[in-house]
Structure formats: C-alpha cells, structure tokens
Amino acid sequence: MAIDRATFIEVLKDAYSAYYDITEDVDTDLPLSFRAAYKNMDELFFITKSAKIWVNEKNEYCYVFSAPSFDAETVKACVDFALKDGLPRVKPHKEHQCTNIKTVFLADEATDAERQAVRKLRFTKNYKFGLWGFTNLLAGIVDLREQKTVTNREGHELAAFFKKLFAARA
C-alpha cells in the first residue's frame with residue numbers, strides 16, 4: 001500500500017519536530033523539503049556546576065529531499081549540498097563527540113540503481129585526529145510504495161526509524 005508523499009512529509013516533520021529545529025525555506029534548486037537541526041550537550045558535575053567531570057556534545061543536521069524518483073546524479077547533488085551546508089555548521093572542540101549529517105530521500109518508488117547509489121555513499125571527517133570528534137554521513141532512500149528503506153553503512157538507524165514510522169502509520 002503506497003503512502004502519499006506530501007502526507008508522509010507532514011508526518012515526518014511532526015516526528016522530527018519533537019527534538020529538532022525545522023527549517024523549511026532553504027534556498028536551493030534541489031527537491032529539499034526541509035532541514036532539521038538537533039543539538040545535545042550532556043554534562044556530569046561533582047556537587048557544583050564548576051566541578052565538571054565530563055561534557056559530551058552531539059549534533060545532527062538532517063536534510064529531507066522529496067521527489068517521485070531520484071537518479072544517481074541527483075542523489076550526488078543532494079548529498080553535496082547537504083555536506084556543503086552542514087559542514088560549516090560543525091564547531092569542533094575538545095568536548096565535541098560527533099556531528100552527523102543525514103540525507104533522507106523520499107521517493108514514490110525507488111529503483112535498484114537509486115538504492116545502489118545510496119548504499120555506496122560514504123563520508124567521514126575527523127577533527128584533530130578524532131580527539132575533537134567526527135562527522136559521518138548517514139543516508140537513506142525511502143520507497144513509499146513498498147514502505148522500505150535502504151541506507152548506507154552508517155545510516156542503519158534510519159531504517160529502524162522509518163520501520164517504526166511505517167508501523168505507526170498502518
């Protein structure tokens with residue numbers, strides 16, 4: 001049973017809006033529906049706030065692209081845009097653990113070539129040999145007709161997220 005793409009985008013915005021800041025009007029020629037930003041800083045203190053034991057910062061920037069289908073060139077252009085837009089937002093420091101950049105492709109129907117293009121996507125960047133954290137690219141294409149998600153190696157959490165989202169929609 002196919003899901004309407006416009007309806008699913010609204011469901012996805014609603015799911016992301018719980019923890020992410022949503023930006024819809026991003027200036028690009030690509031089929032970008034919205035960008036979502038997540039920032040988290042965990043701290044552990046000993047009695048007072050001035051006696052920090054550790055601090056851990058995790059950030060995430062998610063770019064959701066929506067089109068009836070994606071070819072390999074469009075996938076590459078969308079990923080290049082996400083990296084070009086997301087990497088300047090990364091502010092590494094000694095308490096920074098990671099900043100992931102997610103690219104989600106919502107397609108009415110995904111072909112094998114599109115799935116293969118997403119599976120092959122890779123990007124990793126370490127800051128100061130990993131001492132100041134890292135950045136990974138998490139990518140996934142969502143086939144709304146079959147309600148299946150295909151991800152790259154780092155994006156396996158996207159498959160689990162969309163599986164839960166499809167189950168909630170049923």
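Applying the ring-ring contact (aromatic ring centres under 6.0 Å, His included) test between Tyr38 and each of Tyr20, Tyr16, Tyr61 identifies Tyr20 as the sole match.
Salt bridge status for Arg5 with Asp108: present, with a side-chain N to carboxylate O gap under 4.0 Å. With salt bridges taken as basic N to acidic carboxylate O contacts below 4.0 Å, one links Glu10 and Lys13. Between Asp21 and Lys39, none of the side-chain N atoms (NZ, or NE/NH1/NH2) sits under 4.0 Å from a carboxylate O, so this pair counts as no salt bridge.
Remark: Ser50 OG to Phe45 CZ distance equals 9.0 Å, nearest 0.5 Å. A distance of 10.0 Å separates OG of Ser66 from CG of Leu32, quoted to the nearest 0.5 Å. The structure places NZ of Lys58 at 7.0 Å from CG of Asp42, a figure rounded to the nearest 0.5 Å. Rounding to the nearest 0.5 Å places CZ of Phe81 at 14.5 Å from NZ of Lys76. Taken to the nearest 0.5 Å, the CG atom of Leu138 stands 5.0 Å off from the CG atom of Asn100. To the nearest 0.5 Å, atoms OG1 (Thr149) and CZ (Phe166) are separated by 5.0 Å.
No continuous path of ILVMFWY side-chain contacts below 4.5 Å connects Phe105 to Phe34, so the two sit in separate hydrophobic clusters. In the hydrophobic clustering of ILVMFWY residues, with side-chain heavy atoms under 4.5 Å counting as a link, Leu121 and Phe65 come out together. Hydrophobic clustering (side-chain heavy atoms under 4.5 Å, transitive across Ile, Leu, Val, Met, Phe, Trp, Tyr) keeps Val75 apart from Val64. Hydrophobic clustering of Ile, Leu, Val, Met, Phe, Trp and Tyr side chains at less than 4.5 Å, counting indirect connections, unites Tyr19 with Leu12. Residues Val55 and Ile53 do not share a hydrophobic cluster, defined by chaining ILVMFWY side chains whose heavy atoms lie under 4.5 Å apart.
The closest side-chain heavy-atom distance from Tyr63 to Val26 is not below 4.5 Å. Side-chain contact between Lys125 and Val90 is absent, with no heavy atoms from C-beta onward closer than 4.5 Å. Two residues are said to be in side-chain contact when any heavy atoms from C-beta on lie closer than 4.5 Å; Val118 and Arg115 fail this criterion. Proximity of Val104 to Cys62: side-chain heavy atoms (C-beta onward) are separated by under 4.5 Å at one or more points.
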Take Asp85 and Arg35 through the side-chain contact (heavy atoms from CB on, under 4.5 Å) test and state the conclusion after the steps.
CA-CA 10 Å; Asp85 187 63; Arg35 177 182 66 217; 3.0 Å; yes

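Proximity of a side-chain donor or acceptor of Asn126 to a complementary backbone N or O of Phe129 within less than 3.5 Å is not detected. Between the side chain of Lys91 and the main chain of Pro88, a donor-acceptor pair closer than 3.5 Å is present. Looking at Gln97, its side chain never comes within 3.5 Å of a backbone N or O of Asn56 through a donor-acceptor pair.
Nearest heavy-atom pair, Ala82 versus Thr103, reported as atom, atom and distance to 0.1 Å: CB-CG2, 3.4 Å. The heavy-atom pair separating Arg119 from Arg122 by the smallest distance is O-NH1, 3.1 Å. Considering every non-hydrogen atom in both Leu106 and Phe70, the closest pair reads O-CE1, 3.4 Å. The minimum heavy-atom distance linking Leu137 with Asn152 is given by the pair O-ND2, 3.1 Å. The two residues Ile141 and Glu114 come nearest to each other via the heavy atoms CD1-CB, 3.9 Å. In plain terms, the two heavy atoms of Ala110 and Asp143 that are nearest each other are N-OD2, 3.3 Å.
In this structure, a donor-acceptor pair under 3.5 Å is absent between the side chains of Tyr127 and Lys94.
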